[in-house]
2 protein chains.
Amino acid sequence: MQVSTQVRAAQGDQMAGDVVHLEDLLDDGRLSAACPTRVVLDHVTSKWGVLLLLALSEGSQRWSELRRTVEGISEKMLAQTLRTLEVDGLVERTVAATIPPRVDYSLTPLGRELVAHLLPLMGWISANAEEMLAGRA
Amino acid sequence: MQVSTQVRAAQGDQMAGDVVHLEDLLDDGRLSAACPTRVVLDHVTSKWGVLLLLALSEGSQRWSELRRTVEGISEKMLAQTLRTLEVDGLVERTVAATIPPRVDYSLTPLGRELVAHLLPLMGWISANAEEMLAGRA
DNA sequence: CAGCATCCCGTACGATACTG
DNA sequence: CAGTATCGTACGGGATGCTG
């Protein structure tokens with residue numbers, strides 16, 4: 001899945017007018033299976049990915065803080081998800097060599113860009129969730 | 001996870017200035033486990049949810065078209081995902097009682113609102129995916 | 001405190017076959 | 001064409017226990 005330079009141009013440090021169309025995301029008219037976008041999408045939309053990114057949206061948090069903020073996450077998934085987000089360059093890990101050890105997690109500039117797009121989405125979902133689950137359309 | 005009326009106000013038919021902060025999404029300082037938002041989020045961010053919504057973003061598509069557009073999806077998951085999206089009121093199913101049968105899927109107004117938030121996100125991911133997977137943080 | 005390692009299970013998902 | 005039904009499996013993910 002390639003993306004037109006047009007779209008790339010629309011994504012500056014700030015969120016621009018953001019008129020993105022499906023065609024820009026299509027590869028040969030399809031949502032191609034073998035494209036990096038799918039992989040990243042899977043990371044971000046993994047069960048805990050969005051939640052963690054959100055939790056970090058307002059500043060760095062420690063391991064234990066994240067555990068509490070993101071209710072229900074297990075240590076295993078916390079570690080695992082944080083690592084993939086770190087490898088993807090969305091989250092930064094800062095270790096303080098003290099005793100007891102202290103580790104802080106924060107968003108990278110890239111991560112902050114992503115979250116900027118995530119927040120409106122989450123806001124909308126949050127605002128409409130109850131209505132959606134209430135029943136029929 | 002309740003949402004402040006403030007956020008709700010920010011989400012009209014059109015996308016507004018969209019300044020959403022984490023606090024607006026928090027319940028008692030946490031990303032609460034037992035909230036409708038989590039459920040909807042799981043539906044939308046399910047493996048095929050985003051892809052299907054995107055595929056429908058530019059107009060209705062038939063069952064078979066969707067299969068082709070969303071590369072790699074199985075019939076089972078196509079049916080399953082479409083049904084949960086339909087129940088959530090995001091997708092509408094239109095059956096033409098002809099032979100052979102013809103079924104069209106399209107976004108509801110609600111679905112179109114959601115996709116409006118999804119497109120910029122996908123645009124960004126698409127634009128940055130390769131870079132992210134390329135390597136280092 | 002901040003984590004790996006291990007075990008184990010549920011279910012999400014895919015492949016295949018059949019139907020209106 | 002547009003699905004359901006059935007089956008089997010891989011992997012996501014939780015529980016527990018150990019380490020620097």
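Protein chains get the first letters and strands the later ones, always in sequence-line order, with residue 1 at the start of each. Note that the coordinates shown come from a computational prediction; the quantities given were computed from them, not determined experimentally.
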Output yes when a side-chain donor or acceptor of [X] lies under 3.5 Å from a complementary backbone atom of [Y], and no otherwise.
| X | Y | answer |
| --- | --- | --- |
| Glu71(A) | Ser32(B) | no |
| Arg67(B) | Ile73(B) | yes |
| Thr108(A) | Leu90(A) | yes |
| Glu86(A) | Arg83(A) | no |
| Ser126(A) | Gly123(A) | no |

- Mind running a 4.0 Å heavy-atom check of residues 71-82 of chain B against DNA chain D and sending the residues that fall below it, in number order?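 Result for residues 71-82 of chain B: Glu75(B), Lys76(B), sorted by number.
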- Message: Any non-hydrogen side-chain atom of Val91(A) less than 4.5 Å from a side-chain atom of Leu52(A)?
- Response: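 Of all side-chain heavy-atom pairs linking Leu52(A) with Val91(A), none is under 4.5 Å.
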- Query: Can you give the first and last nucleotides of DNA chain C, 5' to 3', that have an atom under 4.0 Å from a heavy atom of chain A?
  - Reply: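 From 5' to 3', the first and last contacting nucleotides are dC1(C) to dC7(C).
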- Item | Five-pair end axes of the helix from dC1(C)-dG20(D) to dG20(C)-dC1(D) and the angle they enclose, rounded to 10° |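 About 50°, once rounded to a multiple of 10°.
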- Please report the shortest heavy-atom distance between Leu54(B) and Ser57(B), naming the atom on each side.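 Here Leu54(B) and Ser57(B) meet closest at O-OG, 2.7 Å.
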- Message: Listing request: all salt bridge (Lys or Arg N to Asp or Glu O under 4.0 Å) pairs with a residue in residues 90-106 of chain B, at least two apart in sequence or in separate chains.
- Response: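 Qualifying pairs: Arg102(B)-Asp104(B).
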- Item | Identified side chain to side chain contact (heavy atoms under 4.5 Å, CB included) counterpart of Thr37(B) within the set Ile125(A), Leu133(A), Asn128(A) |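 Going through Ile125(A), Leu133(A), Asn128(A) one by one, the side chain to side chain contact (heavy atoms under 4.5 Å, CB included) with Thr37(B) is satisfied by Ile125(A) alone.
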- Item | Leu82(A) reachable from Val95(A) in the ILVMFWY side-chain graph, under 4.5 Å edges |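 Yes, same cluster.
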- Task: Sequence neighbours left out, what passes side chain to side chain donor-acceptor pair (under 3.5 Å) with Arg68(B)? Give chain and number order.
- Result: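 Side chain to side chain donor-acceptor pair (under 3.5 Å) check on Arg68(B) returns nothing, list empty.
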- Item | Range on DNA chain D touched by chain B, heavy atoms, distance below 4.0 Å |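 The protein-touched segment is dC1(D) to dC7(D).
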- Query: Applying the side chain to side chain donor-acceptor pair (under 3.5 Å) test to His43(B), which of Thr81(B), Thr84(B), Asp88(B) qualifies?
  - Reply: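 Going through Thr81(B), Thr84(B), Asp88(B) one by one, the side chain to side chain donor-acceptor pair (under 3.5 Å) with His43(B) is satisfied by Asp88(B) alone.
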- If you look at every strand shown and take non-hydrogen atoms under 4.0 Å, does Arg93(A) touch a base, only sugar-phosphate, or nothing?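 Here Arg93(A) touches the backbone only, sparing every base.
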